[in-house]
Amino acid sequence: EIGDLVRITDEAVKYEVVKGRPNIGIIMSKAYCYIETHCEGHEIDASMVELEHWCYDIFFADEVSRMFPEDFIEPIKKEKK
């Protein structure tokens, strides 16, 4: 949800998705879908592949990272008092 704290996954750190950024952020948008289309060859009848990514806009330190993949974040659990 918007306003929730999230942590960057170890996988995102491994692939340097968040290079030079803090590893904790705040969700600034609802989830939205980003679709990439790739062609599997140069021929006119080559297959097209669509890749679907669920993304969020996330606030890290002093900037918003747009289209941050859901696969690279995990929620920080709220403590019950």
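Note: hydrogens, waters and symmetry copies are ignored here, and every other heavy atom, side chains too, is used. What you are looking at is a predicted structure, and each value in this text was computed from that prediction instead of being measured.
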Under the rule for side chain to side chain contact (heavy atoms under 4.5 Å, CB included), what residues qualify as partners of [X], not counting sequence neighbours?
X: Glu36; value: Tyr34, His38, Leu51, His53
X: Ile2; value: Lys30
X: Asp71; value: none

Rounded to the nearest 0.5 Å, how far does [atom2] of [Y] lie from [atom1] of [X]?
X: Phe72; Y: Cys55; atom1: CZ; atom2: SG; result: 10.5 Å
X: Glu70; Y: Ile27; atom1: CD; atom2: CD1; result: 8.5 Å
X: Asp10; Y: Asn23; atom1: CG; atom2: CG; result: 9.5 Å

Is there side-chain contact between Ile8 and Ile73, with at least one heavy-atom pair below 4.5 Å?
yes
Keeping the roles fixed (side chain from Ser29, backbone from Asp57), state whether a donor-acceptor pair exists under 3.5 Å.
yes
Apart from Leu5 itself, residues in the same hydrophobic cluster as defined by side-chain heavy atoms under 4.5 Å
Ile24, Ile26, Met28, Phe59, Val64, Ile76
Taking side-chain hydrogen bond (donor to acceptor under 3.5 Å, both in side chains) as the test, write out the residues that go with Glu74, two or more places apart.
Arg7
Could you tell me whether Glu52 atom CD has more than 12 heavy atoms of other residues or ligands within 6.0 Å of it?
yes
I'd like to know whether the aromatic ring centres of Phe68 and Phe60 sit less than 6.0 Å apart in this structure.
yes
Tyr32 to Met67 - nearest heavy-atom pair and separation
OH-N, 2.9 Å
